[in-house]
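We count ligands from 1, going down the list as the structure has it; atoms in each ligand are counted the same way. Only a predicted model underlies this, so the values are computations on that prediction, with no experimental measurement involved.
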Amino acid sequence: MRTRRIHLINPKTNSFTTRPMYFNRALYSPLAGLLAVAALIPDDQYEVVLTDENIEPIDFDLKADLVGISAMTSYVNRGYEIADSFRNRNIPVIMGGVHPSFMPQEALEHADAVVVGEAELVMGKVLDDLEQGNVKGIYQADKLHPMVNMSMPRYDLLKSNRYVNKTFIQTSRGCHHACTFCAEHMMYGLRFRYRPIDEVVKEIEECGERVIALNDADFFGNAKRAAQLMRALKGRGIRWQAGVNSRGALNDELLELAAESGCYMLSIGFESISREALKSVHKYQNRPETFQALVQKIQSYGILVFGLFMFGFDEDDSSIFEETAKFNIAAGYDVCAYSVLTPYPGTLAWYEMLRQKRVVSYDWDKYDQGHIVYQPMKLTPEQLREGHMRAYKLFYSVPSIFRRFPTNSSRSKFYWSTYNLFFRKGEVTGRNIADAIAKPTEVPRHLAQPPLMPERKDWQKLVLDNNHY
Ligand code: B12
Ligand code: SF4
C-alpha cells in the first residue's frame, strides 16, 4: 500500500519556450528529467506528484516525505527559493539536473541532498536513505548507466494538454564532440551510449503520443545506428523531430529514412556562419559553405529545418547579426533560434572566460542565453544585445515570414506556422537593451565541479588551472 508521497517540481523560468503563449500551451515541456526520476520511484510505495511551475502553481502545503527539484542554471535561483520554503516546513529536499550537477556545493546550501549526473544508478540509495530519514549530501554514481533496461518515463504524470512538444524520448546519451559552450560531454560523456532499439520502440509505442521529439544530443552522431532505429520506426504512424549534426544531415540515406519514418523537423546547431568562430568553440564539424545546400537538401525530403545560431563569439563583430539573419532568410531556413553565447558554470567556455577574467555576472537568472553575462571581445554588450534582437526581428519580420512560407512543399505547414508564431511572439527575453546586460556581481561562494573531467589533457589543464574566481 502506498503510504508516502514524493513531490517533484520544475521551477518557473522566464523562457518563452516553456511559457504558455498560445491556447494556454507552452512550446515545450521541460520535464524529461523529472519524468525519468519519477520512473525510478516504486509506485507501490510512493505516490509521485509532479508540478511544472511554468504552467501551474506549486502547492507549498502539500504534505510530502521528500521534494525533488530539477534545475538548469537559468532557473536554479527559483529552485533554491522553492527548496528553502519546503525545508522551512521540515520537508527534506533533493535537487538534480544540470546546474546542481555542476555546482553541487552551492545546491547543498539549499537542499539536503544533490544527485550529480544521472539519477538511474543512485535513486535506489536515495530511497533507502529516505526510509531511514537520512537523505543527505551528494549522490553520484561511479559509472555511467549502460542505457539497457531503462524504466519507462512516467508520461502518465504529464499534463500533456499544456504543451505543444510534450514527449521527449532519449535514444542515446553523450556526444563525441566537445563544443566549449556545451555541458553534454562533461555530464554524459564524450562517447555515445545507446538504448537497445526494441526498448526505444516499446517506449514510443507505449508513451501514448504519436508526435514525439527524440532528445538525443545528436541523433545522427552514429549513422549506422540512426539508420537502424529509423528503419524500426517506419510504418508505425509516428511523426518525430530530432537534433542532429550538420555533417550527418548531408547523408541522403539518412534523410530518406528520416522522411520515410515520419520525421517532420531536424534541428541543427549551425551556431555561426563564420568558420573562424566555429573553430574557436571547437565546433569543427560545421562548414558554413555547406549550410545553404544542406538546408535545401533536407527540405527536398519534406523535412523542416530548425537552425540554432549563437552570437557573441570572440570573432563576431557588429556585422554578424544582419549577415546571419539575411543568410538564413536567403537560404530559406524554416525556423531559427538565436542565442547569446553563455559560459555555463563548469563548461570549457566557463573556464576559458574565467581564465581571461571576462565573466561579469554570476547571477544565474541571467544565464538564459538572452542576457549578456560576460565581456564580449569585438563588440560592446549593447551591440551584442541590440544585434541579437535585430536578427530576430529580421528573420521573423512579416515579409520574411511570407517569403519563407513553404507554399509548394510537402513540409509541415502546421509545424512551420506553430514554430514561427511562437518565435515571432517570444523573440528574446525582455526587450529592454539595458536590462539584458547583466550587471557585475560578487563571485559565487562555491566553485564549479564538472561531473566528468574532459578527456583531453589540455582541457583538463584548462579546468584545473582556472578553477578559481
Ligand atoms: C531536450 C533539451 C531541452 C528541451 C527540454 C528539456 C527537458 N529537460 O525536458 C527544451 C527545448 C525545453 C530545452 C530548453 C532549454 N535548454 Co535545454 N537541453 C535539452 C537537452 C538536449 C536534453 C535534456 C534532457 O531532456 N535530457 C534527458 C533527461 C532524462 O536528462 P536530465 O534532464 O539531465 O535528467 C537526468 C539527471 O540530470 C537527473 N535529474 C534531473 N533532474 C533531477 C531532479 C532530481 C530531484 C533528481 C534526483 C535527479 C534529477 O536525473 C535524470 C535522469 O538521469 C540538454 C542537454 C543535456 N544533455 O542535458 C539541454 C540543456 C539542458 N539545455 C540547456 C539550455 C541552456 C536550455 C535553454 C536555456 C536554451 C534557451 N536558450 O532557451 C532552454 C531553457 C528552457 C527552460 N526554461 O526549461 C543547457 C543547460 C545548461 C545549463 N547549465 O543550464 C543544456 C545542458 C545544453 C547545453 N547547452 O549544454 N532544452
Ligand atoms: S553542442 Fe552539440 S555537437 Fe557540440 S558537444 Fe554539445 S551536443 Fe555535441
For the aromatic rings, using the six-membered ring if either is Trp, is the centroid distance between Tyr22 and Phe422 under 6.0 Å? yes
For ligand 1, note which part of Leu35 has a heavy atom under 4.0 Å away: side chain, backbone, both or neither. neither
Identify the closest protein heavy atom to atom 34 (O) of ligand 1: which residue and atom is it, and at what distance? Gly33 CA, 3.4 Å
Closer than 3.5 angstrom, by distance alone: can the side chain of Asn245 be matched with the main-chain N or O of Asp218 as a donor-acceptor pair? no
Which part of Pro30 is near ligand 1, with near meaning a heavy atom under 4.0 Å away: side chain, backbone, both or neither? both
Those atoms of ligand 2 less than 4.0 Å from some heavy atom in Gln285: 3 (S)
Is at least one protein non-hydrogen atom found at under 4.0 angstrom from atom 20 (C) of ligand 1? no
Salt bridge (Lys or Arg N to Asp or Glu O under 4.0 Å) pairs touching residues 74-84, sequence neighbours excluded, are Glu53-Arg78, Arg78-Glu81
Region of His145 that comes within reach of ligand 1 [heavy atoms, distance under 4.0 Å]: neither
Of the listed options (Val122, Leu121, Val37, Asp216), which comes nearest to atom 49 (C) of ligand 1 when hydrogens are ignored and any heavy atom counts? Val37
Which of Ser274, Ser272, Ser280 passes side-chain hydrogen bond (donor to acceptor under 3.5 Å, both in side chains) with Glu315? It is Ser280
Determine, stepwise, if the pair Tyr367 / His371 fulfils ring pair (Phe, Tyr, Trp, His ring centres under 6.0 Å). CA-CA 7 Å; Tyr367 279 61; His371 291 82; 9.7 Å; no
Is the backbone N or O of Gly312 less than 3.5 Å from a side-chain atom of Asp316, with the two atoms forming a donor-acceptor pair by type? yes
Tell me: protein heavy atom nearest atom 41 (N) of ligand 1, and distance? Ser70 OG, 2.7 Å
I need the nearest protein heavy-atom contact for atom 74 (C) of ligand 1: residue, atom name and distance, please. Met72 SD, 3.8 Å
Which segment of Tyr75 sits under 4.0 Å of ligand 1 when only heavy atoms are counted: side chain
Contact with ligand 2 for His176, non-hydrogen, under 4.0 angstrom: no
Honestly, for Ile69 the part within reach of ligand 1 (heavy atoms, under 4.0 Å) is backbone
Within the structure, does Ile94 bring an N/O atom to less than 3.5 angstrom of an N/O atom in ligand 1? no
With under 30° as parallel and over 60° as perpendicular, where do the rings of Tyr469 and Tyr362 fit, or are they tilted in between? perpendicular
Can you tell whether the side chains of Asp52 and Lys159 come within less than 4.0 Å, N to carboxylate O? no
Leu158 versus Lys166, closest heavy-atom pair with distance: CD2-O, 3.5 Å
Pair Phe306, Tyr419 - check ring pair (Phe, Tyr, Trp, His ring centres under 6.0 Å), show working. CA-CA 9 Å; Phe306 183 171; Tyr419 272 78; 5.8 Å; yes
Looking only at heavy atoms of Cys182, does any of them come nearer than 4.0 Å to an atom of ligand 1? yes
Closest to atom 24 (C) of ligand 1 among protein heavy atoms sits Asn215 ND2, 3.3 Å
Which residue and atom name correspond to the protein heavy atom nearest atom 83 (N) of ligand 1, and how close is it? Thr73 OG1, 2.8 Å
Starting from atom 57 (N) of ligand 1, find the nearest protein heavy-atom neighbour and note its residue, name and distance. Glu184 OE1, 2.2 Å
Would you call the rings of His282 and Tyr284 parallel, tilted or perpendicular, taking 30° and 60° as the class edges? parallel
Establish whether atom 27 (C) of ligand 1 and some protein heavy atom are separated by less than 4.0 angstrom. yes
What protein heavy atom lies closest to atom 39 (N) of ligand 1? Include the residue and the distance to one decimal. Gly97 N, 3.4 Å
Atom 12 (C) of ligand 1 protein-contacted, heavy-atom criterion under 4.0 angstrom: yes
With distance as the sole test, does Arg162 use its side chain to make a donor-acceptor pair with the main-chain N or O of Asn24 at under 3.5 Å? yes
Quick test: of every protein heavy atom, which one is nearest to atom 68 (C) of ligand 1, and how far off is it to 0.1 Å? Tyr344 OH, 4.0 Å
Non-hydrogen atoms of Gly117 versus ligand 1: any pair closer than 4.0 Å? yes
Closest heavy-atom pair and its distance - Pro11, Ser70: CD-O, 3.0 Å
Mind checking whether Thr347 contacts ligand 1 via backbone (N, CA, C, O), side chain (CB onward), both or neither, at a 4.0 Å heavy-atom cut-off? neither
Applying side chain to side chain contact (heavy atoms under 4.5 Å, CB included) between Phe86 and each of Leu66, Val93, Leu62, report the one that passes. Val93
Does the distance from a Lys or Arg side-chain N to an Asp or Glu carboxylate O, for Glu199 and Lys202, drop under 4.0 Å? no
Classify the ring geometry between Phe16 and Tyr392 as parallel (under 30°), tilted (30 to 60°) or perpendicular (over 60°). perpendicular
Return yes or no for this condition: an N or O of Gln369 is under 3.5 Å from an N or O of ligand 1. yes
Treating Asp216 as the side-chain partner and Thr171 as the backbone partner, does any N or O pair qualify as donor plus acceptor under 3.5 Å? yes
Tell me whether the centres of the aromatic rings in Tyr333 and Phe309 are closer together than 6.0 Å. yes
Quick check on atom 70 (C) of ligand 1 - does any protein heavy atom sit closer than 4.0 Å to it? yes
Part of Met187 with heavy atoms under 4.0 Å of ligand 1, whether side chain, backbone, both or neither: side chain
For the atom pair NZ (Lys283) and CZ (Phe181), what is the distance rounded to the nearest 0.5 Å? 4.5 Å
Give the total of protein N/O/S atoms at a distance below 2.8 Å from atom 6 (Fe) of ligand 2. 1
For Thr17 and ligand 1, does the shortest N/O to N/O distance drop below 3.5 Å? no
Which bit of Ser29 is near ligand 1, meaning a heavy atom under 4.0 Å away: side chain, backbone, both or neither? backbone
Quick one: which of Tyr264, Tyr415, Phe219 gives a ring-ring contact (aromatic ring centres under 6.0 Å, His included) with Trp240? Phe219
Would a distance-only check, ignoring hydrogens and angles, find a side-chain to backbone donor-acceptor pair under 3.5 Å from Tyr396 to Cys336? yes
How does Tyr188 reach ligand 1, if at all, at less than 4.0 Å between non-hydrogen atoms: by side chain, backbone, both, or neither? side chain
What residue and atom, counting heavy atoms only, is the protein's closest point to atom 2 (Fe) of ligand 2, and at what distance? Lys283 NZ, 3.8 Å
Under 4.0 Å from atom 2 (C) of ligand 1, can you find at least one protein heavy atom? no
Any N/O of Ala32 closer than 3.5 Å to an N/O of ligand 1? yes
Does His99 come within less than 4.0 Å of ligand 1, judged by its heavy atoms? no
Any protein heavy atom nearer than 4.0 Å to atom 59 (C) of ligand 1: no
Which word best sums up how the rings of Phe192 and His176 line up, parallel for under 30°, tilted for 30 to 60°, or perpendicular for over 60°? perpendicular
As a test of the contact definition, would atom 87 (C) of ligand 1 count as having a protein heavy-atom neighbour under 4.0 Å? no
Donor-acceptor pair, Arg87 side chain versus His110 backbone, under 3.5 Å? yes
